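Read through the structure below, which is laid out as structure tokens, and then see the notes.
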2 protein chains.
Amino acid sequence: MAGRRAAGNTSLTREDLADAALRLLEREGPKGLTMRKVAAEVGVQAASLYWHVQNKEELLDLAADALWEGYSPLPPGLVAAPDEWRGCLATAARRLRAHLLAHTAAVRVLAGRFAPGARALGPLEETFGMLRRLGFGPAETALGAYTVVIWVQGFVLHEAVPMSAAEERGATPAEAVEEARERLAALPAERYPHLVALAGELTGPDMDSRFEFGLGLLLDGLGVLREAGAV
Amino acid sequence: MAGRRAAGNTSLTREDLADAALRLLEREGPKGLTMRKVAAEVGVQAASLYWHVQNKEELLDLAADALWEGYSPLPPGLVAAPDEWRGCLATAARRLRAHLLAHTAAVRVLAGRFAPGARALGPLEETFGMLRRLGFGPAETALGAYTVVIWVQGFVLHEAVPMSAAEERGATPAEAVEEARERLAALPAERYPHLVALAGELTGPDMDSRFEFGLGLLLDGLGVLREAGAV
DNA sequence: ACCTGAACACCGTTCAAGT
DNA sequence: ACCTGAACACCGTTCAAGT
């Protein structure tokens, strides 16, 4: 009924399934991703999927790879100059966050999965090339990229999850944050003195500020490494 | 049949359910956590759970809180001295990683959830108290803790997921890593020059080394902040 | 206040059978 | 080589009914 196969009757590929899964995830959220719905999305019966894929786990791995379709760490055409390593890395990290934020439902379901396929390899190659061109050595390139990417993914994962039951049912993010602040401030001060005192600081900064703070920390750390001549 | 309620016939609490969910997660893995099994674990019918809890989501939030039972950022009795801020923070981060690694199944299912209840508040209070005692200001305490905790959680999430389909079916972690290295090295070098060249660096370091590298980066970043007098 | 029984609308997966 | 139909053993959740 629905389906990708109406026009151009070429047969189904595993990438078609991955794309369908990703589309479903964005359209219906985490629990919209079922084998039966993916099958319907590509115009086939649920049982047919098992010809292309061993089980749902494998389909999720394919979807995790498909998530990187069209991603590039730096804006196309921008060259990575060694004397601007800080700005380059910051741009790359911000682009990574933006890309993941554009797929929050997928991030929630696929978080932690690492199954690089054809779509993820390009961005990986590009990222490492950028770091080497910025003057990082092989070891620092591998470990530094791992650290930053893990942090950004963890950051977006928390960013993507509604902050509380309050936000779940209608409250705006701003209202939910305010509610959280009040809950903290209302805690018994003799038992939780720091939580009460820090209520404002803990709930105040928006996600952009938090991101920039963490990014600054990591870049400063990499700067120390560079000055130590270890790069 | 099974159940916590045989001895001491006090009635069921929400915390009992959270504990049962966590136990199930560790005993049977992510897909062992079903409402029916949680019910059986506490000796009750599935439908009864909905008296205590609105739905499975809420139970997962309770479980995420229960995960912090018995956790403390510093070894009990160890005081946080300002001139050893680096060692204290490193110890705290390593303890956090160890605690999460002891609950890998839970980390996989509950990742990203932030619903602090009675069990999580204590550790949070302790953590912030430690940072303040180490001489960090309110803003740096809030933002610094957020950054480090997010990073550790993201790190463990990746650490907790089997690295590939290879590891899934019997291969030891070491074999899986070696397989990954070979796959990278076998890539077409003209298309993925950096991935091929970095194959060793990317798969070489074990998780402990990666953790210490990232931790070093963050601590160096915090050190820069301190020297800048912003603390 | 707390729990049960039975039902509803779904799941993932298998397998013989079709073409 | 690729897909279907039908079935199996499950799910989460609701709701009237019990005590």
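The structure presented is a predicted model; accordingly, all values stated were derived computationally and were not measured.
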Closest-nucleotide 5' rank along DNA chain C - winner of L49(B) and N55(A): L49(B)
- prompt: To the nearest Å, how far apart are R14(B) CZ and dC2(C) P?
  reply: 12 Å
- line: note: M35(A), atom CE; dA7(D), atom P; distance rounded to Å ~ 21 Å
Proximity to the side chain of S11(A) - top-ranked nucleotide from dG5(C), dG12(D), dC2(D): dC2(D)
- request: Scan T34(B) against the nucleic acid and name what it touches under 4.0 Å (heavy atoms): base, sugar-phosphate only, or nothing.
  value: sugar-phosphate
Nucleotide nearest Y50(A) (side chain, heavy atoms from C-beta), chosen from dT13(D), dG12(C), dG5(C): dG12(C)
- prompt: Parallel under 30°, tilted from 30 to 60°, perpendicular over 60°: which one fits the rings of F155(A) and F211(A)?
  reply: perpendicular
field: Side chain proximity check, L33(A) to E28(A), heavy atoms < 4.5 angstrom
entry: no
- request: Hunt down the Watson-Crick or G-U wobble partner of dT14(D), both distances under 3.5 Å, from any strand shown, or write none.
  value: dA6(C)
message: Any side-chain N or O of S48(B) below 4.0 angstrom from OP1/OP2 of dT4(C)?
response: yes
- line: Testing dC3(D), dA6(D), dG5(C) for proximity to the side chain of A47(B), the answer is dG5(C)
message: Which nucleotide wins on minimum distance to the side chain of L12(B), given the candidates dT13(D), dC3(C), dT13(C)?
response: dC3(C)
message: Does atom CZ (R27(A)) have a neighbourhood of more than 12 heavy atoms from anything else shown, all under 6.0 Å?
response: yes
- prompt: At under 4.0 Å, does any side-chain N or O of W51(A) touch on OP1 or OP2 of dC2(D)?
  reply: yes
task: Hey, which sits more toward the 5' end of DNA chain D by its nearest nucleotide, R36(A) or H52(A)?
output: H52(A)
statement: Rounded to whole Å, NZ of K56(B) lies from C1' of dC11(D) at a distance of 8 Å
query: With sugar-phosphate meaning primed atoms plus P, OP1 and OP2, does K31(B) contact a base, only sugar-phosphate, or nothing at under 4.0 Å between heavy atoms?
result: nothing
statement: When rounded to whole Å, the CD to C1' distance for the pair E57(A) and dT13(C) reads 14 Å
- prompt: Is the count of non-hydrogen atoms from other residues, nucleotides or ligands lying under 6.0 Å from Q54(B) atom CD greater than 12?
  reply: no
- prompt: Do you see a donor-acceptor pair shorter than 3.5 Å between the side chains of Q153(A) and H158(B)?
  reply: yes
